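Report on the following structure.
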2 protein chains.
Amino acid sequence: MKKRSYNQACSLATALDLIGERWTWLILRGLLTGPKRYKDLLDQLPGIGTNLLATRMKDLVWLGIAEKSGNGRQAAYQLTAIGEQLRPISHALINWGRNFPDHAGADAQSRPQWDMLAIEAMFRPERAGGISVVMEFVLSGFVFHLAIRNQQCRAVIGPAVSPDVRITSDSATLIAIGNRETTVQSAEEKIHLKIDGDRNAFSLLFDLFE
Amino acid sequence: MKKRSYNQACSLATALDLIGERWTWLILRGLLTGPKRYKDLLDQLPGIGTNLLATRMKDLVWLGIAEKSGNGRQAAYQLTAIGEQLRPISHALINWGRNFPDHAGADAQSRPQWDMLAIEAMFRPERAGGISVVMEFVLSGFVFHLAIRNQQCRAVIGPAVSPDVRITSDSATLIAIGNRETTVQSAEEKIHLKIDGDRNAFSLLFDLFE
DNA sequence: CTGCATCCGCCTCGATACTG
DNA sequence: CAGTATCGAGGCGGATGCAG
């Protein structure tokens with residue numbers, strides 16, 4: 001059973017042979033928000049065949065892009081250093097995909113972790129010189145936080161130890177504010193947005209992100 | 001006849017719906033080295049079905065990623081502004097693919113235009129401050145040139161108007177020199193490398209590129 | 001219940017032949 | 001040269017089974 005390959009002496013073709021198949025990038029999207037168990041990956045990949053996920057994971061581990069820690073019911077997959085190198089590329093692809101905002105239909109699936117990675121992608125390091133801040137988000141009940149330091153931004157699942165600000169909202173509201181379709185004040189009045197802590201830290205959200 | 005889609009409200013999934021299918025990135029690779037006719041694209045895509053290339057091109061044009069100029073046998077495809085935004089992403093994928101130098105088998109296909117794009121990908125703008133130089137390459141008979149200015153590098157098919165240096169060689173030799181597996185002097189003695197013009201400009205090749 | 005493996009129908013792909 | 005038509009092969013999607 002030989003794997004299909006472009007069979008070209010080209011690094012782009014090599015990359016596509018390894019991570020260009022259907023679902024692979026979306027598996028990586030799952031791993032880019034932290035280690036995941038098989039079931040957690042499945043939950044973020046609606047429509048994938050369970051066998052396909054299993055073979056993809058075997059390939060990714062074999063290639064040294066992901067690795068498996070623990071086994072049995074505690075087994076979890078995480079990115080290796082080489083897999084982690086795909087993070088900026090995924091950011092770029094996400095930002096490119098925003099050229100087509102109307103692509104997703106009304107019946108499209110959604111997961112808060114996808115928004116989390118999208119926020120990380122929108123970070124603009126060149127605007128973050130000298131800024132150090134931790135923002136905690138509660139988007140439709142899903143909790144994560146952004147740690148911004150040294151012109152780097154990393155999104156992590158779960159609450160922050162000591163956040164400068166906690167933002168309770170949903171992704172649609174934040175997008176609407178970002179697009180100037182609504183105001184912070186209006187969103188707060190409609191209880192679509194709640195800001196706890198340093199409001200200046202909250203306003204950084206619109207300075208440091210696209 | 002509906003197209004297969006991940007159907008997710010996620011910009012990464014959107015991007016993959018549009019350019020994540022088999023062959024699409026390699027079609028873009030062809031267009032990233034300049035406008036191409038149907039036949040020229042085919043030549044760079046060994047193994048693709050002609051029907052598949054036709055449908056892919058129709059999709060890319062429909063999406064506004066590529067556009068068709070002229071028609072009949074003079075028709076040519078080129079990238080739109082949105083398609084051009086994929087250039088840095090292709091560079092990043094190429095550089096990531098170089099983590100797996102042994103992937104391509106001995107029977108792998110190769111085309112000089114792939115090397116041309118790979119060289120463009122290896123350019124390090126942060127090392128090119130204040131440098132302005134034009135290098136012409138003749139790799140195994142294929143002619144292109146690099147124009148470096150304002151910390152940008154663009155590879156263009158064909159000879160340069162007034163190159164600072166002309167480098168006649170082949171990609172294997174340049175890679176070997178870059179990896180310190182051979183020296184410039186040795187390559188010149190074996191007539192695997194010929195340098196016409198400013199030798200200092202040639203040495204920039206190893207300063208400005210990875 | 002999680003973490004897969006097996007099986008099967010279907011859709012996409014790959015190759016060739018053919019047309020304007 | 002620039003595609004279209006056709007058809008066999010193989011990867012994918014969904015359901016099911018099963019071991020730890």
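Given the structure is predicted, the values throughout are model-derived calculations rather than measurements. Residue numbers start from 1 in every chain, and the chains themselves are labelled A, B, ... in the order their sequence lines are given, proteins ahead of strands. Computed over heavy atoms, backbone and side chain alike; hydrogens, waters and symmetry mates excluded.
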d([atom1], [X]; [atom2], [N]) in whole Å:
| X | N | atom1 | atom2 | answer |
| --- | --- | --- | --- | --- |
| Ile27(A) | dG13(D) | CD1 | C1' | 14 Å |
| Lys36(B) | dC1(D) | NZ | C1' | 17 Å |
| Leu53(B) | dC1(D) | CG | C1' | 13 Å |
| Asn7(B) | dG13(D) | CG | C1' | 15 Å |
| Asp40(A) | dC4(C) | CG | C1' | 15 Å |
| Met57(B) | dG3(D) | CE | C1' | 12 Å |
| Leu42(A) | dT2(C) | CG | C1' | 10 Å |
| Ile48(A) | dG3(C) | CD1 | P | 14 Å |

Taking the side chain of [X] as its heavy atoms from C-beta onward, which of [options] lies nearest to it?
| X | options | answer |
| --- | --- | --- |
| Arg37(A) | dG14(C), dG3(C), dC7(C) | dG3(C) |
| Arg56(B) | dT2(C), dT4(D), dC13(C) | dC13(C) |
| Arg73(B) | dG3(D), dC4(C), dC1(D) | dC1(D) |
| Tyr38(A) | dG13(D), dC13(C), dC4(C) | dC4(C) |

Give a yes/no answer on whether the side chain of [X] brings an N or O atom under 4.0 Å of OP1 or OP2 in [N].
| X | N | result |
| --- | --- | --- |
| Tyr77(A) | dT2(C) | no |
| Arg4(B) | dC10(C) | no |
| Lys39(A) | dT2(C) | yes |
| Lys68(A) | dC4(C) | yes |
| Lys58(A) | dG3(C) | no |
| Trp23(B) | dG14(C) | yes |

Look at the side chain of Asn51(A) and the base of dG14(D), then say whether one donor and one acceptor between them are separated by less than 3.5 Å.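 By the distance-only test, yes, there is a pair.
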Decide yes or no, distance alone: a donor-acceptor N/O pair under 3.5 angstrom between the base of dA5(C) and the side-chain of Thr50(A).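 Between dA5(C) and Thr50(A), which were checked side chain against base, a qualifying N/O pair under 3.5 Å is present.
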Trp96(A) and Phe100(A) aromatic ring geometry - parallel, tilted or perpendicular at 30°/60° bounds: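 The rings of Phe100(A) and Trp96(A) sit tilted, inter-plane angle from 30° to 60°.
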Kindly indicate whether the side chain of [X], heavy atoms from C-beta on, has any atom under 4.5 Å from the side chain of [Y].
| X | Y | result |
| --- | --- | --- |
| Leu60(B) | Tyr77(B) | no |
| Asn95(B) | Glu210(B) | no |
| Ser169(A) | Leu139(A) | yes |
| Arg29(B) | Arg111(B) | no |

Is Arg22(A) close enough and on-axis enough to Tyr6(B), meaning under 6.0 Å and within 45°, for cation-pi?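 Yes, a cation-pi geometry.
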Tell me which of Pro46(A) and Thr55(B) sits closer to the 5' end of DNA chain D, going by the nucleotide each one is nearest to.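 So the residue in question is Thr55(B).
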